[in-house]
Amino acid sequence: MREALQQRLETALQACYATGVLTSGVAPEVQLEVPGNPEHGDFATNLAMMLARAERKAPRQVAEALVTALGDGEGMWRKLDIAGPGFINFTLAPLAWYRVLNDIHRLDGRFGCCDAGAGRKVQVEFVSANPTGPLHIGHGRGAAVGDTLCRLLAAAGWNLTREFYYNDAGAQIGNLALSVQARCLGIEPGDERWPADGYQGEYIKDVARGYLAGEKVDAGDQHVTAAGDPQDLDAIRRFAVAYLRREQDQDLAAFDVRFDVYSLESALYTDGKVDAVVRQLIASGHTFEQDGALWLRTTDFGDDKDRVMRKADGSYTYFVPDVAYHLDKWQRGFQRVINEQGADHHSTITRVRAGLQALNVGIPQGWPDYVLHQMVTVLRGGEEVKISKRAGSYVTLRDLIEEVGRDATRFFFLMRRSDAQLVFDIDLAKQQGNENPVYYVQYAHARVCSINRNAAEQGVALPAAGEVDLDGLTLDEELALTRLLARYPEVVAGAAEQLEPHRLAFYLQELAAAFHSYYNRQRVLVDDPAVSRARLLLVNAVRIVLGNALGLLGMAAPERM
RNA sequence: GCGCCAGUAGCUCAGCUGGACAGAGCAACGGCCUUCUAAGCCGUCGGUCGGGGGUUCGAGUCCUCCCUGGCGCGCCA
């Protein structure tokens, strides 16, 4: 529809040049937008305003020339206006819109999908929590944003790989092992023998109990049986990592978040990929030694200071395996990689990209992409819940899902742009009333299903694509609802393109509102069977789109509530 | 001090990558259930888009300088 209009505008412009009504000969790109105000028609173009300067005429004068050249459009539009500073507004014939209802029924679950990705490979890494404790609410936001991003990219035709990276090596894992060992030995936080940067959370006690009891843990391809010996720090470490990884996997499964590939930091060491990348960086000439450490001159690539790669004690800082990991992603053929992570780690971006540039292996500048999410604060009873990671007091994702439910949790995480801070109001999320937008959108879906049940009782068959005389739809609100449905594919494409999953949540609320309003004003099942069937076609198109959008958000579309 | 992200209605936030009088939800107030689910609908109230300059036919949106809040600035991740 948009393309057809663009075509006609270009033809009209050329006609103006041919007749000499317009003289500049410039051909700007024809932009068509959907106006927010329905009085401004279905599509609007600013073409006349873009030409005005070159033509040295008032925009409205240019617009008049174009409108004359456009003619009647052979019935495509009902009305053409020149408005405001020089917009040309197209009001299309209703039938042109109603045809989309047949498209929706024909495509069903695939309505909204497109082929923008053209089957190209993209990898999305998200959550990537350290296996040192349970997933907290911040990880939950990362999981919701990352997962919906994945679903969006898949819907947009990308060949998607979902990946989780475990930082199961390094200093913090050492702290974890020491903390579990301390608990095994009955040492409490506060005791002078308690490790300096130990994890104090209650869950450490559970790990210690499991270890002493000789428990067996399966997590991914890791299978660990506890040695039970409190002196064997290495065995404790292996057990603790597997134990906490299993916990995280369970929580993510409960959140309906799954991954295709799990990558372990420790494997980068054992496979020699870390050493290899260090050798390459040294060979690149971007490193130097100072104070007993090996440094990477990241300032060569826009960082504000150089960074230590290998510490004086011989171990590597975290970003070295990160660089090795991302080189590995590149070598696996992912020309597009998106990392979803918390904004508190945004300083890694410059470092990882600098390391990859230093390797000089043809990785483009600015690769990979990042989507950052800002902090989440928790509100309960109107009070902010204080979070202390060291003391281990924080809201876990597991608690959240159990308390407010998976759907509400996911929706709340996606109700805001990811780079805006989020206040998670637990009381509101739990509420089953009209203040809670989660049920508002699901209720709209359930209502259509309810109409369908009534139709079945009355022996009215649900219409399929192309079976209905669209003349049964005559009301302004039916046209408005249809136009909203027609916009859905653009919403999906835009959200995938801009990596902004929250757009779906807003669209969903808008569509639900339009449907609820229609439902309250008009009956679907009326005496006139032609009208009933046309309306059934319309409301079931709403049902399909609601279901598709809820699916992209990882939420259920209930048939009754 | 430097970097990143924010500052839009009383509150929480959108604003489609510059367009036509700035929107929604909640809160407040007033209405609507003998008809497909009232977890719903309709109406009223409410904003100098943090502030100053600039670019543009046109700026909440772009540039610049200030102010405020959050995060980061480690041989932690």
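Chain letters run A, B, ... following the sequence lines, proteins first and then strands; every chain starts at 1.
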So, are [X] and [Y] salt-bridged, with charged N and O less than 4.0 Å apart?
X        : Y        : answer
A/Glu500 : A/Arg503 : yes
A/Arg543 : A/Glu559 : no
A/Asp427 : A/Arg380 : no

Requested in this report: Pick out which of A/Gln421, A/Glu340, A/Arg141 makes a side-chain hydrogen bond (donor to acceptor under 3.5 Å, both in side chains) with A/His373.
Outcome: A/Glu340
Query raised in the report: Which of these, A/Glu125, A/Lys329, A/Glu163, sits in a side-chain hydrogen bond (donor to acceptor under 3.5 Å, both in side chains) with A/Ser263?
Result: A/Glu163
**Report entry** Sugar-phosphate or base contact per nucleotide [nucleotides 28-35 of chain B; S, B, -; heavy atom under 4.0 Å]
**Finding:** -------B
Query raised in the report: How does protein reach along nucleotides 1-12 of chain B, written 5' to 3' as B (base within reach of a heavy atom under 4.0 Å), S (only sugar-phosphate), or - (no contact)?
Result: --BSSS-----S
Query - Any pair counted as salt bridge (charged side-chain N to carboxylate O under 4.0 Å, His left out), so long as it reaches residues 404-417 of chain A, sequence neighbours left out - result: A/Asp147-A/Arg410, A/Asp256-A/Arg406, A/Arg417-A/Asp419
Are [X] and [Y] linked by a side-chain donor-acceptor pair shorter than 3.5 Å?
X        : Y        : value
A/Gln341 : A/Thr348 : yes
A/Gln522 : A/Glu477 : yes
A/Asn130 : A/Thr132 : no
A/Asn339 : A/Asp369 : no
A/Asp300 : A/His286 : yes

Base, sugar-phosphate alone, or nothing: which one does [X] contact when heavy atoms must sit under 4.0 Å apart?
X        : result
A/Ala44  : base
A/Gln341 : nothing
A/Arg521 : sugar-phosphate
A/Ala446 : base

**Report entry** Spatial distance of atom CE (A/Met561) from atom SG (A/Cys449) [nearest 0.5 Å]
**Finding:**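 Between atom CE of A/Met561 and atom SG of A/Cys449 there are 11.0 Å.
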**Report entry** Rounded distance [0.5 Å steps], CD1 in A/Ile426 versus CG in A/Leu400
**Finding:**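 A/Ile426 atom CD1 to A/Leu400 atom CG measures 5.5 Å (nearest 0.5 Å).
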Rounded [atom1] spacing from [N] to [M] in Å:
N      : M      : atom1 : result
B/rA20 : B/rU56 : C1'   : 16 Å
B/rC57 : B/rC71 : P     : 43 Å
B/rC62 : B/rG15 : P     : 12 Å
B/rG74 : B/rC67 : C1'   : 31 Å
B/rA39 : B/rU35 : P     : 14 Å
B/rU17 : B/rG31 : C1'   : 42 Å
B/rG58 : B/rA22 : C1'   : 15 Å
B/rC45 : B/rG40 : C1'   : 23 Å

**Report entry** A/Gln431 and A/Tyr439: CA distance, side-chain angles, deciding distance, side-chain contact (heavy atoms from CB on, under 4.5 Å) verdict
**Finding:** CA-CA 9 Å; A/Gln431 214 162 326; A/Tyr439 299 101; over 6 Å; no
Rounded to the Å, how far apart are [X] [atom1] and [N] [atom2]?
X        : N      : atom1 : atom2 : answer
A/Tyr316 : B/rA77 : OH    : P     : 14 Å
A/His373 : B/rG70 : NE2   : P     : 19 Å
A/Met375 : B/rG69 : CE    : C1'   : 11 Å
A/Glu477 : B/rC41 : CD    : C1'   : 12 Å
A/Asn436 : B/rG40 : CG    : C1'   : 14 Å
A/Phe411 : B/rC26 : CZ    : P     : 13 Å
A/Asp344 : B/rG69 : CG    : C1'   : 17 Å
A/Asn89  : B/rA20 : CG    : P     : 11 Å

Query raised in the report: In residues 165-180 of chain A, which residues come under 4.0 Å of RNA chain B by heavy atom?
Result: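 The answer is A/Asn167, A/Gln172.
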Query - Contact residues, residues 497-519 of chain A to RNA chain B [heavy atom, < 4.0 Å] - result: A/Gln498, A/His502, A/Arg503, A/Phe506, A/His516, A/Ser517, A/Tyr519
Answer yes or no: does a side-chain N or O of [X] lie under 4.0 Å from OP1 or OP2 of [N]?
X        : N      : value
A/Arg447 : B/rA38 : yes
A/Tyr443 : B/rA39 : yes
A/Tyr440 : B/rA38 : no

Could I get a table of every N or O pair under 3.5 Å where one atom is in the protein and the other is in nucleotides 55-57 of chain B?
| from | atom 1 | to | atom 2 | distance (Å) |
| --- | --- | --- | --- | --- |
| B/rU56 | O3' | A/Arg53 | NH2 | 3.2 |
| B/rC57 | OP1 | A/Arg53 | NH2 | 2.1 |

**Report entry** Identity of whatever pairs with B/rG7 - Watson-Crick or G-U, under 3.5 angstrom
**Finding:** B/rC67
Query - Cation-pi geometry met for A/Arg535 and A/Tyr518 (6.0 Å, 45°) - result: no
Requested in this report: For side-chain hydrogen bond (donor to acceptor under 3.5 Å, both in side chains), just list the numbers for A/His40 and A/Asp81, CA-CA rounded to whole Å, side-chain angles, deciding distance to a tenth of an Å, and then say yes or no.
Outcome: CA-CA 8 Å; A/His40 297 142; A/Asp81 307 297; over 6 Å; no
Report task. Decide, applying a 5.5 Å centre-distance limit and a 30° plane-angle limit (both strict), whether A/His40 stacks on B/rA20. Result -> yes
Query raised in the report: Which listed nucleotide (B/rC71, B/rG40, B/rG74) is nearest to the side chain of A/Lys305?
Result: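 Of the options given, the side chain of A/Lys305 lies nearest B/rG74.
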